[in-house]
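Worksheet: the structure to be examined is printed underneath.
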Amino acid sequence: MNTGLRITTFAAALAATFGAAYGVGQGIDPVVADSPPKHEDEHTRPAHEQARGDGHGGHDTPPAGGLQVSEGGYTLDLDTPRVTAGKPADLRFTVRDTGGRALTAYQREHGKELHLIVASRDLVTYRHLHPTRAADGTWSTPVDLPRAGGYRVFADFTPAKKNARNLTLGADLAASGPYDARQLPSPSTTARINGYDVKLTGALRPGKASELKLKVSRDGRPVTDLQPYLGAYGHLVALRSGDLAYLHVHPNGEPGDGTTRPGPDISFTATAPSSGAYRLFLDFKHDGKVHTAAFTVRAGGAAADSGTPRGACGGQPRALSVSRAPGPG
């Protein structure tokens, strides 16, 4: 089925589904939901890192990742646009070039050819998945999401060709089932996950770089022996409420570079391109297990109170920019 026909078919199916109920399945990697399961030791890489520049200038922030199904000559062809809530399913997709051919050669980034994020539209459920690729270029991964609703699928990859740039393509996923609408979780500077407490300090500021620090503790004591998780002590995915603009980056400093040592503090330098609400998902590893802490934050202005970022309805939305601080020298 070609992409145009697939989109038309999916639109019809989605309309019918939304008229009754929604649903999405559950995955096998990091999940943030009512009862998050354990994580596998996997990770996604930064979205649009090559175009980010220093990430500190509001006007220099790159276009948001994951808002387009096609970009840079490639299209995300989702073979499974709909699943049933609470039932295991095989999520299948293909990345195609302008000639419709399946992409079969990828650069490996952080140990993987492609990283997949699945997030619910209400930003309550979050999945970090790592699918497998067949020889014909078809990717697949099991999913079994607990709640019905609309979801966004993000494929983060770099084609294996000279001067290729990293891309994050996005597509909609829906599932049937009793739909229980959820509100965006209220802003909070603390999160509790699997017995760990994570505290966020710092604030997002539209058009201005600021530092976000996250401190991990357990049983009231700081965790000072965080373990590297695919090359870093923590990883952050930022999704903007409303359009789900996507960005994933590493913290300031990485293991072995002399700027960060194992400890409870993980810092990121961030620039919010607009006022509005954002959901942050932090992956960290301890005692051999990966955990995900989630926070809702607001970047100042009246639009933050409404939960809808400026620019989400008109013009080209822009991504939350989070960047690494330069190391010594």
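Given the structure is predicted, the values throughout are model-derived calculations rather than measurements.
- For Val198, the side-chain contact (heavy atoms from CB on, under 4.5 Å) partners two or more places apart in sequence, or in a different chain, are Leu214, Val216, Leu282, Phe284, Ala293, Phe295.
- Legend: residues meeting side chain to side chain donor-acceptor pair (under 3.5 Å) with Thr94, ordered by chain and number and at least two apart, are absent.
- Scanning both residues, Leu167 and Glu71, for their nearest heavy atoms gives CD1-O, 3.7 Å.
- Among all heavy-atom pairs drawn from Leu123 and Phe281, the shortest one is O-CZ, 3.9 Å.
- Between Tyr106 and Arg133 the shortest side-chain heavy-atom distance falls below 4.5 Å.
- Side-chain contact between His286 and Asp225 is present, with at least one heavy-atom pair separated by less than 4.5 Å.
- Asn252 CG to Thr269 OG1: the interatomic distance, rounded to the nearest 0.5 Å, is 3.5 Å.
- Within the model, atoms CG of Leu236 and CD1 of Ile266 stand 9.5 Å from one another, a figure rounded to the nearest 0.5 Å.
- Annotation: side chain to side chain donor-acceptor pair (under 3.5 Å) contacts of Asp219 (sequence neighbours excluded): none.
- Shown here are the side-chain contact (heavy atoms from CB on, under 4.5 Å) partners of Lys161, two or more places apart in sequence or in another chain: Tyr74, Pro159, Ala164.
- The side-chain heavy atoms of Tyr151 and Asp172, taken from C-beta on, include no pair separated by under 4.5 Å.
- Under the rule for a salt bridge (charged side-chain N to carboxylate O under 4.0 Å, His left out), the partners of Asp287 that lie at least two apart in sequence or sit in another chain are Arg218.
- Atom-to-atom distance recorded for Asn166:CG and His115:NE2 is 9.0 Å, nearest 0.5 angstrom.
- Taking the side-chain contact (heavy atoms from CB on, under 4.5 Å) definition, one finds that Thr201 meets it with Lys199, Lys213, sequence neighbours left out.
- The closest side-chain heavy-atom distance from Leu114 to Phe93 is below 4.5 Å.
- In terms of modelled atom types and a separation under 3.5 Å, the side chain of Glu113 and the main chain of Ala105 share no donor-acceptor contact.
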Q: Start with the C-alpha gap between Leu244 and Arg121, add the side-chain angles, then the distance that decides, and say whether side chain to side chain contact (heavy atoms under 4.5 Å, CB included) holds.
A: CA-CA 7 Å; Leu244 271 63; Arg121 282 284 176 182; 4.1 Å; yes
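- Counted by atom type alone, His291 and Asp283 present zero donor-acceptor pairs between their side chains at under 3.5 Å.
- For the atom pair Gln107 CD and Arg165 CZ, the distance stands at 13.0 Å (nearest 0.5 Å).
- By the ring-ring contact (aromatic ring centres under 6.0 Å, His included) test, Phe154 pairs with Tyr246, sequence neighbours left out.
- Put simply, the side chain of Ile117 does not reach to within 4.5 Å of the side chain of Asp156, judged on heavy atoms.
- The closest side-chain heavy-atom distance from Leu91 to Trp139 is not below 4.5 Å.
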Q: Output, in order, the C-alpha distance, side-chain angles, deciding distance and verdict of side chain to side chain contact (heavy atoms under 4.5 Å, CB included) for Asp243 and Leu67.
A: CA-CA 7 Å; Asp243 60 3; Leu67 295 180; 4.1 Å; yes
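- Using modelled atom types, one finds no donor on one side chain facing an acceptor on the other under 3.5 Å when comparing Thr75 with Asp77.
- Partners of Asp180 by side chain to side chain donor-acceptor pair (under 3.5 Å), not counting sequence neighbours, listed by chain and number: Arg182.
- In plain terms, the two heavy atoms of Leu116 and Pro131 that are nearest each other are CB-CD, 4.0 Å.
- Between Val124 and Pro185, the closest side-chain pair of non-hydrogen atoms falls below 4.5 Å.
- For the atom pair CG (Leu200) and OG1 (Thr189), the distance works out to 6.5 Å, reported to the nearest 0.5 Å.
- Summarising the geometry of Ala102 relative to Asp136, their closest heavy-atom pair is CB-O, 3.4 Å, with the distance given to 0.1 Å.
- Summarising the geometry of Ser120 relative to Arg147, their closest heavy-atom pair is OG-NH1, 4.4 Å, with the distance given to 0.1 Å.
- Side-chain contact between Thr292 and Ile193: absent, with no pair of heavy atoms (C-beta onward) separated by less than 4.5 Å.
- Side-chain atoms of Ser210 come within 3.5 Å of backbone atoms of Ala203 as a donor-acceptor pair (strictly under, hydrogens ignored).
- Considering all non-hydrogen atoms of both residues, Thr296 and Ser186 come closest at CB-O, 3.7 Å.
- The OG1 atom of Thr158 lies 12.5 Å from the CZ atom of Arg108; values are rounded to the nearest 0.5 Å.
- Sorted by first and then second residue, the salt bridge (Lys or Arg N to Asp or Glu O under 4.0 Å) pairs with a member in residues 183-193 read Arg192-Asp197; sequence neighbours excluded.
- Remark: Arg92 engages Asp79, Thr80, Asp90, Thr138, Ser140 in a side-chain contact (heavy atoms from CB on, under 4.5 Å) (not counting sequence neighbours).
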